[in-house]
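Please read all numbers here as calculations on a predicted model, not as lab measurements. Index from 1, following the sequence.
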Amino acid sequence: MKPHAFRHSFTSAVLDAADGNLLIVRDVGGWASAAMVDEVHGHVDVHGPVFDAALRTVWGETQ
């Protein structure tokens with residue numbers, strides 16, 4: 001794994017462990033801003049219940 005890929009994998013793992021808290025990830029990764037973390041490494045958990053609920057709301061489905 002190349003260093004950049006390792007950093008991305010690490011950041012994604014911390015994002016998941018921190019439940020998407022960008023401030024935690026910013027501090028752990030040493031970034032200057034949480035916005036940078038979000039722009040570069042932020043991602044949606046397409047398998048998570050929050051994403052599923054959002055889609056169901058948009059589609060007008062009840063849970």
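Looking at L15 and L22, their side chains come closer than 4.5 Å, going by heavy atoms from C-beta outward. Looking at W31 and V40, their side chains never come closer than 4.5 Å, going by heavy atoms from C-beta outward.
S33 pairs by the side chain to side chain contact (heavy atoms under 4.5 Å, CB included) definition with A35, M36, not counting sequence neighbours.
Placement of V37 and F10 within a single hydrophobic cluster is found when ILVMFWY residues are connected by side-chain heavy-atom separations under 4.5 Å, directly or transitively.
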